[in-house]
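Per chain, numbering begins at 1; letters A, B, ... match sequence-line order. Since the structure is predicted, the reported quantities are computational estimates derived from the model, not experimental observations. Just so it is clear, the values below take in all heavy atoms, side chains as well, and ignore hydrogens, waters and symmetry mates.
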Amino acid sequence: MRSRRIDPLRTISLAFVFVSLIFMATIIWALVDGSLPTLKEYGISFFAGDKWRPSRGIFGALPAIYGTLTTSAIAIAIAVPISLGIAIFLAHLSPPKIGAILSLFVELIAAIPSIIIGFWGMFVLIPLLVSFCPFLEKGGYTILTAGIVLAIMIIPIIAAISRDSIKAVPKSQKEGMLALGATDWEAITRSVLPYARSGIFGGVILGFGRAIGETMAITLVIGNTPGIVPLNEPGATMASLIAGNWGEAVSTPLYKSALMELGLALFLITLFVNVVARLLIRRMEKGAARG
Amino acid sequence: MELIMGGKTKLKVFAIAMLLSGAFLMGCIGESKLIIEGGGASFPFPLIEEWIVGFNEETGIKVNYQAEGSGWGISQLADKNVDFAGSDKPLDDAERKSVTNDGKLKVFHLPETMGGVVVVYRLDGLEGKTLDLNGSVIAKIFKGEITRWNHRNMCDLNPELTLPGKEIRVRHRSGGSGTTFVFTSFMHKVAPAIWPGNDVDKSPDVFLLPNGNDVGTGHKGNQGVAEAIKSEDGSIGYVELAYADSYELARATIYGMEANTSSIRAAAVGVMLPPADGNWEGTDILNVAGAYPIVTFTYLLVYKELSTIKGMNEDKAKALVRFLLYIMDDKAQDIAAGKGYAPLPREVTGQNVEAIKSITYNGENVYEGLMNDELVAG
Amino acid sequence: MNLRTRRAKDKVMKSLTLVAFLVAIVPLFYVIGTVISKGLVALNWQALGELPPLGFRNAIIGTFIILAVTWLIALPVGIMSGVYIAEYRGIFARAMSFLADVMSGVPSIIAGIVSYVVVVATTRAFGLAGSVALSILMLPVVIRSTEEALKSVPNSLREASTALGAPKWRTTAIALNTAKGSIATGVLLSSARVMGETAPLIMTAGYSQWEFMGMDCRVNSLAYVVYEFLRYPDKERIALGWSAALILIIIILAINIGVRILTRRKYEY
């Protein structure tokens, strides 16, 4: 009772929690407030417009949304099989003694700053891709290139979370299958992976969330030409459009507001994606704690 | 108990350390610091940077410049956040309205240097030879009407070259850019039938074809375009001269004119300029006889009355005027030639100096104040 | 399927996982190799010790100053919020914990816009705005690290302290003291990540050619120097930009590898 009456810690820490909440609320307020001019001017048609021509005052968000979704989808398509392979390799097949070091290698990729990956993509990867891929006839600055760069960046995330989910599967699952005469691979794919699927799925969605918000690396390799075009042509993502045009846009109120609204949309999408991912991952962690 | 006290003392030490370092880092706020902040166009940045270093060596005064784009500089000037702005194009009506608070303030356009925009390309097999182009061929290429290197118009202009039948890959800027503005202004001026007036803009939208597709691809900054052209055979684009130099790109002559310091400078000799505080929209030095045709001024935008800028004071006003005068001096102008720009002709710097000498702070002439300081010091 | 094909498939698929691993780490070494080979060209004492345009001394210092102020903002708020979440469990605490988790995925460009609107446009404090932007990115990680660290402190420790008659805040101070290594790990890894963030700094702290002059001025950073110099029309400057990239990557990888070797802790996403 005594400690409940005088518990300064509770009051103080609660105060700081509110400061955190203010931080988060400020993000939403700033984005909504900044988007108001375009919201008033265009309403919902902003998201239905398939043309982005700032010089004519035409702001349609579809090309940027298209770019964001396609680059992320390409990244996921490349990253998921590779990440799953890595996760299985690290969790079940690699020699346990060097497993930690091998994991470190994969995780270090995530530590490399986006801008450095971007310039590497521009100076090294693009010339390489152009000389190897005949379908990059319009040059190397394409949605596809951006997707490949993104894949490199999200593999560590998906791989690490998948590895943890796979490791959290009770040993008995695999052993049971092995006892029935299954090979290692069959035991892993038919018993371990299904058991770990919600965690793996959470990791994939988290990787997707990271992909849609990635900025500098994409800005440097995507060509920044907003349009709904084939994948071997240049495009733009919501984030790359904001980063690439902010400096010029701030002098034109409606242009700035259009970029802010793109930011708001990007923020809401990432928020939604993250909620789903975190729910799945928390379920995986709880399951692990019980098992 | 010892453990408990230990935790408590450590927390205290930690908190105090945080407060002290916070105070130190924030400390400089409020204290007067003499630094001139400018920003805007990235085109003149390499030159401005050189001036900043030279000016600091001479006077000890610090100037800083953010190369974030003309639009950024103009908006920061309109918000009175920067002491001067750099812009590749004159203020348009809307911009002048916001910068001058609806005409209540006077703002000077001060051309600071001249630059050339060059048409660069990569065509494997024709290394060491120079392609010649004219305005209408360039406009047709950027309109997607000429799509192959061996197009009849191209061959007619270059009878001594065997042009390949490769596809032309057009590379342009992706964001709003003064370079795009100059380039499209040129195409409109010399080939209005092919390049209409409403396709003169700094935005990359002007490269969209009627069917909604882009004629080529957009790239971030001069460097992005240069990098793209360097890495792809059959590509063509436009960059500022300095980038063509540093990326060692092949550049086309236009009407037989090669871009260099003297051919660029020739464009501004004998040109009629509006008054410094006037309307500069429409001022262009494109396609002047005897000069390289795609040439532009890049401007410093400065208020006539400096007290309107946030955080301005007398010392800062004097420092800014000294910096502006330094730029217009022959010594500073001569640096331009080595960096891919052209020094301004005397008649242009002369008009600038007159304007700079009329700058005031709280109604007092700043230049006279500087002269008085020198008299006292001397 | 007979046993032989099943065994063969087992072997093939297992080797494919090794291939997947190798495919993923090729970019790591390729990127690092590129940065080292291009970065060493211009890396010398002048690059480290002079101001731009000759070197990037102020960017190295500025990176750490921006980070220090980020700590000043994010650490007290984050640690105390984490304390609340871990020590006063309930529906509100659980919701906060989840919110922090979700917010850790906020794109860095969003942090840049928000900080521009809230700090730059109102106060013109460019350097501070940079730190605010990075705080937005770091805060959720600090909250979650503190929460996790405190939750992993054995309850027996708290019980012992309470039994000795210590009030709740002293007990928590002890728990914090026990968990500090773990919290520091989270903070360091997150610091390494925000140090490389460029997009928010372009909109806020910007570029400075001079020594640090206060958080109300432009503050140069390594990330910005990489961005600025690699787009410059001059080979020597581009080489200098790669040197800045090399220094940045060395700092970041050193923190990551160091922390992991010392704590064997895995990355938090």
Side-chain angles (χ1 to χ4, degrees), chain A residues 50-60 63 118-119 121-131 136-143 145 216 218-230 232-236 240-256, chain B residues 39-42 66-79 85 87 91 94-95 98-99 167 169-178 180-181 198-208 212-221 223-224 227-235:
Chain A
D50 61 353
K51 289 195 177 61
W52 179 269
R53 298 192 186 166
S55 67
R56 312 268 154 86
I58 300 172
F59 298 103
F119 277 115
M122 193 168 144
F123 285 97
V124 180
L125 184 66
I126 286 184
L128 206 67
L129 284 177
V130 168
S131 58
L136 289 179
E137 63 216 12
K138 293 225 171 181
Y141 295 83
T142 64
I143 293 178
T145 317
M216 288 319 287
I218 297 298
T219 309
L220 292 169
V221 302
I222 197 170
N224 287 311
T225 315
I228 300 173
V229 292
N232 64 344
E233 286 185 24
S240 81
L241 212 51
I242 300 172
N245 295 295
W246 183 257
E248 288 298 328
V250 282
S251 65
T252 316
L254 209 56
Y255 194 177
K256 180 181 170 193
Chain B
S42 53
Q66 307 291 313
E68 300 206 26
S70 303
W72 185 88
I74 291 167
S75 78
Q76 295 302 303
L77 190 70
D79 290 346
S87 176
L91 295 174
E95 287 163 346
S98 77
V99 169
E167 195 189 337
R169 295 170 167 182
V170 174
R171 301 291 174 254
H172 58 76
R173 294 284 289 270
S174 60
S177 141
T180 304
F181 179 78
N198 64 349
D199 276 346
V200 173
D201 204 280
K202 55 186 178 179
S203 146
D205 306 353
V206 295
F207 299 112
L208 291 172
N213 290 342
D214 196 293
V215 65
T217 62
H219 300 270
K220 189 161 170 47
Q223 155 264 5
E227 192 64 39
I229 288 167
K230 194 170 187 177
S231 64
E232 292 168 55
D233 183 23
S235 57

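- Of the two parts of B:Ala78, neither the backbone nor the side chain holds a non-hydrogen atom closer than 4.5 Å to a non-hydrogen atom of chain A.
- B:Trp72 and A:Val250 get closest at one heavy-atom pair: CD1-CG2, 3.7 Å.
- Of the atoms belonging to B:Arg173, not a single heavy atom falls under 4.5 Å from chain A.
- Heavy-atom pairs under 4.5 Å with chain A peak, among B:Gly221, B:Ser70, B:Gly216, B:Gly40, at B:Ser70.
- Every residue was checked against the salt bridge (Lys or Arg N to Asp or Glu O under 4.0 Å) condition with A:Lys256, not counting sequence neighbours, and none meets it.
- With respect to chain B, the highest number of heavy-atom pairs below 4.5 Å among A:Gly223, A:Gly227, A:Ser240 belongs to A:Gly223.
- If you measure heavy-atom distances from A:Trp246 to chain B, you find no contacts under 4.5 Å at all.
- Residues that satisfy the ring-ring contact (aromatic ring centres under 6.0 Å, His included) test with A:Phe123, not counting sequence neighbours, are C:Trp242.
- Side-chain contact check for A:Tyr141 versus B:Glu232: some heavy-atom pair is nearer than 4.5 Å.
- Residue with the most contacts toward chain A among B:Asn213, B:Thr217, B:Asp233: B:Thr217 (heavy-atom pairs, distance under 4.5 Å).
- Listed here is the closest heavy atom pair of B:Leu208 and A:Arg53: CD1-NE, 2.8 Å.
- Counting heavy-atom pairs closer than 4.5 Å to chain A, the top-ranked of the candidates B:Glu68, B:Lys202, B:Arg169 is B:Arg169.
- In summary, of the residues considered (A:Asn224, A:Asn245, A:Thr219, A:Ile222), a side-chain contact (heavy atoms from CB on, under 4.5 Å) with B:Ser174 occurs for A:Asn224 alone.
- Rounded to the nearest 0.5 angstrom, A:Lys51 NZ and B:Asp205 CG are separated by 11.5 Å.
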